[in-house]
Protein chains: 2
Amino acid sequence: MARPLTARQQNVYDFIVKTMSEFGYPPTRAEIARALGFRSPNAAEEHLRALDRKGVIRMIPGTSRGIRLPANGNEIEPAESQPQSSGLPIIGSVAAGSPILATEHIDRYCPLPADYFSPSADYLLRVRGLSMKDAGIFDGDLLAVHRTQQIRNGQIVVARIDDEVTVKRFQREGSHVTLSAENADFAPIVVDLEHQHLEIEGLGVGVIRGGNGSGLH
Amino acid sequence: MARPLTARQQNVYDFIVKTMSEFGYPPTRAEIARALGFRSPNAAEEHLRALDRKGVIRMIPGTSRGIRLPANGNEIEPAESQPQSSGLPIIGSVAAGSPILATEHIDRYCPLPADYFSPSADYLLRVRGLSMKDAGIFDGDLLAVHRTQQIRNGQIVVARIDDEVTVKRFQREGSHVTLSAENADFAPIVVDLEHQHLEIEGLGVGVIRGGNGSGLH
DNA sequence: GCAATGACTGGATACAATTCCAGGCTGTAT
DNA sequence: ATACAGCCTGGAATTGTATCCAGTCATTGC
């Protein structure tokens with residue numbers, strides 16, 4: 001695709017780049033002509049058309065200084081080359097029995113570093129339903145989750161009961177665990193650890209709402 | 001020299017920056033007027049002169065699109081490249097009378113791209129108080145804000161009344177605007193646009209909780 | 001009350017800039 | 001030889017733009 005530029009076209013292109021970096025706006029035909037010694041702005045115009053045809057610039061018709069350099073990441077590299085991990089995986093829904101971080105569940109990624117939250121987040125879980133609305137977690141929100149089993153009373157946890165994943169507030173008294181919704185419409189769930197199995201998937205460490213176009217209600 | 005910009009001047013300045021990073025060249029007077037709703041390019045011209053006087057831009061006389069941003073030593077704005085090594089600025093508190101994005105207010109940055117939200121976020125505002133708790137916005141949460149004056153009824157806005165910045169739900173009926181808290185403990189604020197001044201700073205487009213160690217309650 | 005400033009409308013003018021047209025002069029490929 | 005593309009001159013129509021002038025309205029500081 002990189003049809004080679006002629007020497008003259010390269011001169012014109014170089015002048016455009018130089019002008020933009022020096023002044024912050026592109027040159028006019030007349031300025032190009034003056035700089036390269038043309039006596040007619042039409043010479044510049046024709047070179048611009050050629051550069052547009054070859055894809056190295058883009059002309060905006062009828063617009064003064066309407067020259068754009070399409071995202072050519074050629075030269076200047078941003079100094080900080082953060083490994084830019086793909087970010088936190090967003091878990092949409094969890095199939096029964098499968099581990100929560102199985103790739104089939106991953107919707108997309110959120111470009112936030114894990115340690116933006118503390119304790120650091122391992123994934124984001126898309127919350128369904130309004131059972132935690134009084135804790136400010138609404139339908140569609142993303143809950144940042146830190147994978148751990150070490151939970152203190154009163155914290156918000158991601159738990160799995162009978163292969164179903166839920167978000168609740170955790171309270172342990174002896175061998176009984178109470179998982180409370182933060183919504184008067186939902187009754188607390190009491191789990192007797194001696195007879196039932198309760199798996200803690202992690203600790204809620206943050207909430208994100210409105211990302212990726214889900215909007216704000 | 002660094003006298004603070006008025007709100008309108010800030011709008012014009014922001015539009016210039018936005019245009020330059022989006023198109024690679026500065027806007028014309030007419031384009032500024034169209035974008036901000038002026039019916040005369042002269043309104044834009046006067047704002048540009050004010051910005052030039054205050055030193056935040058430099059005008060090149062007789063030159064179309066002759067606007068430069070001298071403070072920024074950087075060159076070609078990365079039009080479509082990876083935005084923000086710095087991310088979205090987090091605004092902690094806003095001093096009376098000053099533009100909301102003044103650097104003095106910036107706590108830190110959140111490493112999220114602006115277009116993670118849609119409409120894209122321009123900054124994050126740390127919300128104080130529980131007046132919006134029924135909308136899931138709690139004390140200490142970060143509200144992602146898109147700078148705009150175009151608000152539809154029922155949306156959550158950042159408004160400025162008498163130099164105080166608040167987050168409320170917006171409802172307009174004729175010349176009256178009702179700003180409602182989402183908390184029964186707070187009475188709605190009714191503003192008569194014919195007698196009172198109401199400035200809309202932006203539209204709430206997202207919420208982040210728990211970032212930077214603020215934890216989850 | 002008065003002056004100064006900010007924020008505009010509306011109209012006008014002259015210059016800046018794009019874009020078209022009609023050529024001419026090279027090469028290189030058919 | 002003929003065709004064609006690159007490269008340029010010169011001129012000119014048309015639109016894009018900057019910039020001035022004359023006002024209005026509201027707010028702020030004196």
Side-chain angles (χ1 to χ4, degrees), chain A residues 3-16 19-20 23 25-54 56-68, chain B residues 3-16 19-20 23-54 56-68 96-99 149 160-163 175 192-200:
Chain A
R3 286 283 153 282
L5 303 185
T6 68
R8 221 70 182 109
Q9 287 166 1
Q10 186 68 48
N11 289 344
V12 173
Y13 179 77
D14 289 344
F15 178 70
I16 294 169
T19 302
M20 290 183 70
F23 297 106
Y25 45 78
T28 65
R29 275 65 163 163
E31 287 165 359
I32 295 171
R34 209 176 313 133
L36 302 217
F38 309 152
R39 302 208 188 188
S40 168
N42 187 46
E45 172 80 12
E46 284 175 8
H47 278 120
L48 291 179
R49 286 177 194 275
L51 290 172
D52 186 291
R53 253 182 281 119
K54 295 183 178 180
V56 297
I57 69 167
R58 182 97 331 151
M59 294 171 72
I60 288 88
T63 304
S64 73
R65 303 178 191 274
I67 299 171
R68 299 181 64 175
Chain B
R3 202 157 53 257
L5 303 185
T6 68
R8 220 71 183 105
Q9 287 165 1
Q10 185 70 45
N11 289 343
V12 173
Y13 179 77
D14 289 344
F15 178 70
I16 295 169
T19 301
M20 290 186 70
F23 298 106
Y25 44 78
T28 65
R29 276 61 162 167
E31 286 165 359
I32 295 171
R34 209 175 315 133
L36 303 213
F38 309 152
R39 301 208 196 188
S40 168
N42 187 46
E45 172 79 13
E46 284 176 8
H47 278 121
L48 291 179
R49 286 176 193 278
L51 290 172
D52 186 291
R53 251 181 285 120
K54 295 183 179 181
V56 298
I57 68 167
R58 182 82 359 129
M59 293 172 71
I60 289 90
T63 304
S64 74
R65 303 178 190 276
I67 299 171
R68 301 180 64 174
S98 71
Q149 267 77 242
R160 190 192 287 263
I161 316 167
D162 300 332
D163 275 351
S175 67
D192 180 351
L193 294 181
E194 287 169 14
H195 299 97
Q196 283 176 280
H197 182 59
L198 176 67
E199 196 165 337
I200 300 296

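Just so we're on the same page: letters track the sequence lines, and every chain starts at 1.
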Any protein N or O atoms within reach of nucleotides 21-29 of chain C? Criterion: under 3.5 Å, listing atom names and distances.
from, atom 1, to, atom 2, distance (Å)
dC21(C), N4, Asn42(A), ND2, 3.2

Toward the 5' end of DNA chain D, by each residue's nearest nucleotide, Ala43(A) or Gly62(B):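 Of the two residues, Ala43(A) wins.
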Audit row: Ile67(B), Leu51(B), side-chain contact (heavy atoms from CB on, under 4.5 Å) steps and yes/no: CA-CA 10 Å; Ile67(B) 299 171; Leu51(B) 290 172; over 6 Å; no
Strictly below 4.0 Å: does [X] bring a side-chain N or O up to OP1 or OP2 of [N]?
X        : N       : result
Arg49(A) : dC20(C) : yes
Arg29(A) : dA17(C) : no
Arg65(B) : dT17(D) : yes
His47(B) : dG6(C)  : no

Glu45(B) side chain, from C-beta outward: closest of dT19(D), dA17(C), dC8(D):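 Selected nucleotide (nearest to the side chain): dT19(D).
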Minimum-distance nucleotide (side-chain atoms of Arg8(B) versus dA17(C), dC8(C), dT19(C)): dC8(C)
Toward the 5' end of DNA chain C, by each residue's nearest nucleotide, Phe38(B) or Pro41(B): Phe38(B)
Candidate pair Ile32(A) and Thr19(A), rule side-chain contact (heavy atoms from CB on, under 4.5 Å), full reasoning: CA-CA 10 Å; Ile32(A) 295 171; Thr19(A) 302; over 6 Å; no
For the student: nearest non-hydrogen atoms of Tyr25(A) and Arg65(B), plus distance: CD2-O, 3.5 Å
Arg68(B) versus Phe23(A), closest heavy-atom pair with distance: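 Minimum heavy-atom contact is CG-O, 3.3 Å.
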Sugar-phosphate only, base, or nothing, as touched by Ser40(A) at under 4.0 Å among non-hydrogen atoms: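 Since a base atom lies under 4.0 Å of Ser40(A), the category is base.
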Check: Ser64(B) side chain, dG16(D) base, donor-acceptor under 3.5 Å: no
